Structures are given as C-alpha cells and as structure tokens.
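The structure appears below as structure tokens.
The model shown is predicted, which means the values in this text are computed figures rather than measured ones. Both backbone and side-chain heavy atoms feed into the values below; hydrogens, waters and symmetry mates do not.
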Amino acid sequence: MSEPAPEPSLQDLADAVVDMGRLVARQAASLDQLVDDSRAAAARARAGADVPLLVDLLALHRDASTCAATARSRREREAFGAMAGGIERLIEGRGGRLVAPTEGTPFDAVSMEAVEVVATDVAARDRTVASLLEPGLLLAEVGRSVRPARVAVHRYASD
C-alpha cells in the first residue's frame, strides 16, 4: 500500500497563494495590453476611415460659412451660421478639428498654406496671419493636417 501524501505546511500554502497571485497579475497585465492595443488600432482605423467623410464635411462647412457671410438678410445669416456650427460639431465628433487661425497668429507651415502676402511696416507682424481665407482640417488624434488652412500672411518690408 502506498503512503498518503504529507499534509502541506502553512508556508507551502502561502507560497502557492503568492504564486497564484503573480500568475493572475501577469494575465491581467496581458489582457490590459491587448485591450489597449485593440483600442489604439480601432482609433487608427477610425481616423483613416473617416478622412473622406471629414473632407466632405469641411467642404459643407465652407459652403455654409460662405452663405452666412454673403446672405442678404439677418435671418439667412443666422440660419447658415447655425448650419456651419452644426457641421463643425460633426467634424469634431468624427475626430477632426477645424484650423481657423485668427489675425496675428504665427504662420505654421504644417497646418496653413499662405495664398496671399500682405505687406506690413511693423516688424512684429512679420510672418503672422493677416486673415483667414478658408479654414483647414486636422485629424485630432494624430495631429495630421488633411487640408491646410488658406491664409493671407503679413510680410515685413523695411524701407
């Protein structure tokens, strides 16, 4: 007959519990990493998949803004302005961001395109935005410019 196995000591049980805790912690870390990787992949896929939609929304925003700026009545201006605001919220909700630099903002070649040059005799205005001609579009999560904002830029001309 075989002898029964000896009873494990309290220390053996404590070591087994510690080992099991380490195993569970490693598995939890692995699962967390998989979840993080899948979220990052989904965000990248979303950013790539939404680019054509964002470009179309930007075009609609430009059209609505142009209509608001050229409307003959206050009522039409307000309606087209509200439409442009709604489209801007759609753009932001889909992972985009409008680039609409204001006058005096330093020119940024990554997110802006200089389509006009405005002479200035003030050195501090050199290479700053004189006016926004058309807003641009950035992918918010990756910071990539899809359409640069078209701007007029000040250029210092000394006498």
Inset, instruction - Answer whether the closest heavy-atom distance between the side chains of L137 and R97 falls below 4.5 Å. - result: no

Inset, instruction - Decide yes or no for L138 and R144: does some side-chain heavy atom of the first lie under 4.5 Å from some side-chain heavy atom of the second? - result: no

Inset, instruction - Report yes if some heavy atom in the side chain of L58 is under 4.5 Å from a heavy atom in the side chain of R147; otherwise report no. - result: yes

Inset, instruction - Test V129 against every option in V153, V118, T105, T102 by the side chain to side chain contact (heavy atoms under 4.5 Å, CB included) rule and name the one that passes. - result: T105

Inset, instruction - Find the distance between CD (E134) and CD (E113) and round it off to the nearest 0.5 Å. - result: 9.0 Å

Legend entry - ILVMFWY cluster, I87 and V55 together (side-chain gap under 4.5 Å): yes

Legend entry - Minimum heavy-atom distance H61-A84, with the two atoms named: CD2-O, 3.1 Å

Inset, instruction - Please round to the nearest 0.5 Å and tell me the distance separating atom CZ of R155 and atom CZ of R125. - result: 15.5 Å

Legend entry - Step-by-step side-chain contact (heavy atoms from CB on, under 4.5 Å) determination, D126 to T120: CA-CA 7 Å; D126 190 38; T120 183; 5.5 Å; no

Legend entry - Atom pair CE (M112) and OG (S145), whose distance is rounded to the nearest 0.5 Å: 10.0 Å

Legend entry - Non-hydrogen side-chain atoms of L98 and I91 separated by less than 4.5 Å: yes

Inset, instruction - Could you tell me whether the side chain of V99 reaches within less than 4.5 Å of the side chain of P135, counting heavy atoms only? - result: no

Legend entry - Interatomic distance, R150 atom CZ to R62 atom CZ [nearest 0.5 angstrom]: 7.5 Å

Inset, instruction - State, with a plain yes or no, whether a side-chain heavy atom of V151 is found less than 4.5 Å away from one of P101. - result: yes

Legend entry - Flag side-chain contact, heavy atom, 4.5 Å: H154 against R127: no

Inset, instruction - Consider only side-chain N and O atoms of D63 and T66, and report whether a donor and an acceptor are under 3.5 Å apart. - result: no

Legend entry - Working for side-chain contact (heavy atoms from CB on, under 4.5 Å), residues E92 and L57: CA-CA 10 Å; E92 290 171 0; L57 287 172; over 6 Å; no

Legend entry - Heavy-atom side-chain proximity of L139 to L54 below 4.5 angstrom: yes

Inset, instruction - Show the numbers, then the answer: is there a salt bridge (Lys or Arg N to Asp or Glu O under 4.0 Å) between R72 and E76? - result: CA-CA 7 Å; R72 294 180 189 203; E76 287 177 344; over 6 Å; no

